[in-house]
Amino acid sequence: MPLSPFPYSDTNKRYHTWDYFLKHRYGRKVLKVPLNARFGCPNLDGTKGVGGCTFCSASGSGEFAGNPALELPRQFQQQKESLSRKWPQANQYIAYFQAYTNTYAPLPVLRQAYESVLEQPGVVGLSIATRPDCLPDDVVDYLSCLNRKTDLYVELGLQSVHDKTARRIHRGHTYKEFLEGFYKLAENHIPVCVHMIDGLPGETAEDMLETVRVISGLPVHSIKIHLLHVLRGTQLEQEFLKGEFQLLELEQYVRIVCNQIELLPPEIVVQRITGDGKAEDLIGPLWSKNKKAVLAGIDKELVRRNSWQGKHAI
């Protein structure tokens with residue numbers, strides 16, 4: 001495959017990959033180490049709802065995070081060692097608080113958790129996944145201070161800009177609430193990665209494109225585009241088995257993602273362009289197990305179109 005004409009690429013990729021961003025910021029491979037800090041979620045404990053989002057697994061969307069039975073420093077070391085077997089040359093790390101809602105605790109608890117990992121050798125930054133409705137002012141003030149002493153990225157789950165979809169997936173917040181949380185962070189110059197999901201029940205391809213159009217108009221640092229997975233034991237599994245919605249086919253997903261990439265401004269980093277579900281828990285789409293084929297399909301379609309990220313950005 002020919003080298004990309006896209007300026008934020010030094011490979012064949014025609015979009016602004018997370019790997020490219022990290023290599024150009026740090027000068028080398030940096031590993032993102034997923035952790036489970038044992039925080040809860042207001043959409044599980046009754047504060048906002050019970051049962052969580054319909055797609056969310058028992059692990060709080062942290063299937064590949066660390067062992068929650070371990071204290072965070074030990075968990076970090078274990079995860080780091082596992083990742084280093086695949087990338088032995090890497091010696092810098094971003095600690096990724098992945099599972100559940102990682103600002104959903106009193107500030108002293110959050111501070112102890114984050115800083116216990118920041119103390120680990122080789123850690124150059126933190127990535128904190130959370131909900132936009134879990135950003136009280138004292139936590140945002142602390143995150144702003146943290147952002148001045150290390151590289152901080154906050155990952156906000158949005159999934160869709162459409163409130164009808166948010167209600168259907170039992171998200172527990174509106175798009176307006178997302179914006180309120182987002183701008184708390186943006187106004188404090190904290191880089192934000194927005195998560196969205198393609199293939200949510202009831203959404204059309206145009207709905208998915210509209211989510212990207214809206215995100216593209218915000219001062220976001222990066223985006224994660226996930227494929228909807230139906231996982232065993234979720235409410236979504238029951239809906240799927242009842243025939244209440246259809247999953248995307250591979251060709252549909254590739255086409256939608258390429259259309260979304262074309263709409264994204266080139267400076268926005270694409271941290272993820274598909275998703276992972278544990279093979280033993282995956283109900284569908286089964287084609288997503290071959291992640292390399294999905295990524296290759298996206299690359300080939302962009303080449304076929306002679307296109308790249310931002311080609312149709314407004």
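A donor-acceptor pair is defined here as one N or O able to donate and one able to accept, closer than 3.5 Å; no such pair exists between the side chain of Gln252 and the backbone of Ala205. In terms of modelled atom types and a separation under 3.5 Å, the side chain of Gln75 and the main chain of Leu35 share no donor-acceptor contact. Looking at Asp163, its side chain never comes within 3.5 Å of a backbone N or O of Thr174 through a donor-acceptor pair. Under the 3.5 Å distance criterion, the side-chain polar atoms of Asn147 are matched with a main-chain donor or acceptor of His189. For the pair His16 (side chain) and Pro266 (backbone), a donor-acceptor distance under 3.5 Å is present. Side chain of Thr150 to main chain of Leu152: no donor-acceptor pair is present (N/O by atom type, distance under 3.5 Å, no hydrogens or angles). Side-chain atoms of Arg168 do not come within 3.5 Å of backbone N or O of Leu200 as any donor-acceptor pair. The main-chain N or O of Ile190 is never found under 3.5 Å from a side-chain atom of Asn188 such that the two would form a donor-acceptor pair. Thr234 contributes no side-chain N or O that, together with a main-chain N or O of Phe55, makes up a donor-acceptor pair within less than 3.5 Å.
For the pair Leu236/Cys53, no side-chain contact is recorded, criterion being any heavy-atom separation below 4.5 Å from C-beta on. For the pair Val269 and Tyr153, the minimum side-chain heavy-atom distance is 4.5 Å or more. Side-chain contact between Lys80 and Leu31: absent, with no pair of heavy atoms (C-beta onward) separated by less than 4.5 Å. A heavy-atom distance below 4.5 Å is not found between the side chains of Glu177 and Pro132. Two residues are said to be in side-chain contact when any heavy atoms from C-beta on lie closer than 4.5 Å; Pro201 and Leu228 meet this criterion. Taking the side chain as every heavy atom from C-beta outward, Leu156 and Leu135 approach each other to under 4.5 Å. Taking 4.5 Å as the limit, some side-chain heavy atom of Ile215 sits within range of a side-chain heavy atom of Leu158. Within the 4.5 Å cutoff, the side chain of Glu115 has heavy atoms near those of the Lys149 side chain.
Paired with Glu155 under the rule salt bridge (Lys or Arg N to Asp or Glu O under 4.0 Å), one option of Arg131, Arg272, Lys32 passes, and it is Lys32.
Within a 6.0 Å radius of CG in Leu286, other residues, nucleotides and ligands contribute more than 12 heavy atoms. For Lys291, the NZ atom is densely surrounded, since the number of other residues' heavy atoms within 6.0 Å is greater than 12.
Salt-bridge check for Glu180 with Lys184: failed, with every basic side-chain N at 4.0 Å or more from each acidic carboxylate O. Salt bridge status for Glu251 with Arg255: absent, with no side-chain N to carboxylate O gap under 4.0 Å. Asp299 and Arg14 are not joined by a salt bridge, as no carboxylate oxygen comes within less than 4.0 angstrom of a charged side-chain nitrogen.
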Show your working on side chain to side chain contact (heavy atoms under 4.5 Å, CB included) between Ile256 and Leu248 and close with a plain yes or no.
CA-CA 10 Å; Ile256 290 166; Leu248 293 174; 4.1 Å; yes
Side chain to side chain contact (heavy atoms under 4.5 Å, CB included) evaluation trace for Leu302 with Phe6
CA-CA 11 Å; Leu302 289 172; Phe6 180 62; over 6 Å; no
Output, in order, the C-alpha distance, side-chain angles, deciding distance and verdict of side chain to side chain contact (heavy atoms under 4.5 Å, CB included) for Val230 and Leu247.
CA-CA 9 Å; Val230 178; Leu247 295 172; 3.7 Å; yes
Could you walk me through whether Leu143 and Ile128 pass the side chain to side chain contact (heavy atoms under 4.5 Å, CB included) check?
CA-CA 10 Å; Leu143 292 176; Ile128 298 169; 3.9 Å; yes
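The ring-ring contact (aromatic ring centres under 6.0 Å, His included) contacts involving residues 104-129 comprise Phe97-Tyr114, where partners must be two or more places apart or lie in separate chains. Pairs passing the side-chain hydrogen bond (donor to acceptor under 3.5 Å, both in side chains) check and including a residue from residues 236-250, sequence neighbours excluded, read Gln235-Glu239. The ring-ring contact (aromatic ring centres under 6.0 Å, His included) analysis of residues 22-44, with sequence neighbours excluded, yields the pairs Tyr20-His24. Counting only residues at least two apart or in different chains, ring-ring contact (aromatic ring centres under 6.0 Å, His included) contacts with residues 294-314 are absent.
Summarising the geometry, atom CG belonging to Asp207 is positioned 6.0 Å from atom OG1 belonging to Thr165; distances are rounded to the nearest 0.5 Å. Distance check: Gln159 CD to His173 NE2 gives 7.0 Å after rounding to the nearest 0.5 Å. Rounded to the nearest 0.5 Å, atoms OG (Ser116) and CZ (Arg74) are 14.0 Å apart. Expressed to the nearest 0.5 Å, how far OH of Tyr96 lies from CG of Asn36 amounts to 11.5 Å. Rounding to the nearest 0.5 Å gives a distance of 6.5 Å between CG of Leu44 and SG of Cys56. In this structure, CG on Asp137 lies 12.0 Å from OG on Ser144, to the nearest 0.5 angstrom.
In the hydrophobic clustering of ILVMFWY residues, with side-chain heavy atoms under 4.5 Å counting as a link, Trp18 and Ile273 come out apart. One hydrophobic cluster holds both Val161 and Leu209 under the rule that ILVMFWY side chains link at heavy-atom gaps under 4.5 Å.
Under the 3.5 Å distance criterion, with hydrogens and angles disregarded, no donor-acceptor pair is assigned to the side chains of Asp19 and Thr17. With hydrogens and angles left out, the side-chain atoms of Glu210 and His162 include no donor and acceptor closer than 3.5 Å.
The aromatic ring centres of Phe21 and His221 sit less than 6.0 Å apart.
Partners of Phe245 under the ring-ring contact (aromatic ring centres under 6.0 Å, His included) rule, at least two apart in sequence or in another chain, are Phe240.
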Would you mind writing out the side-chain donor-acceptor pairs for residues 85-94 within the sub-3.5 Å range, not counting sequence neighbours?
residue : atom : partner : partner atom : Å
Asn91   : OD1  : Arg28   : NH1          : 3.1
Tyr93   : OH   : Ala90   : O            : 3.4

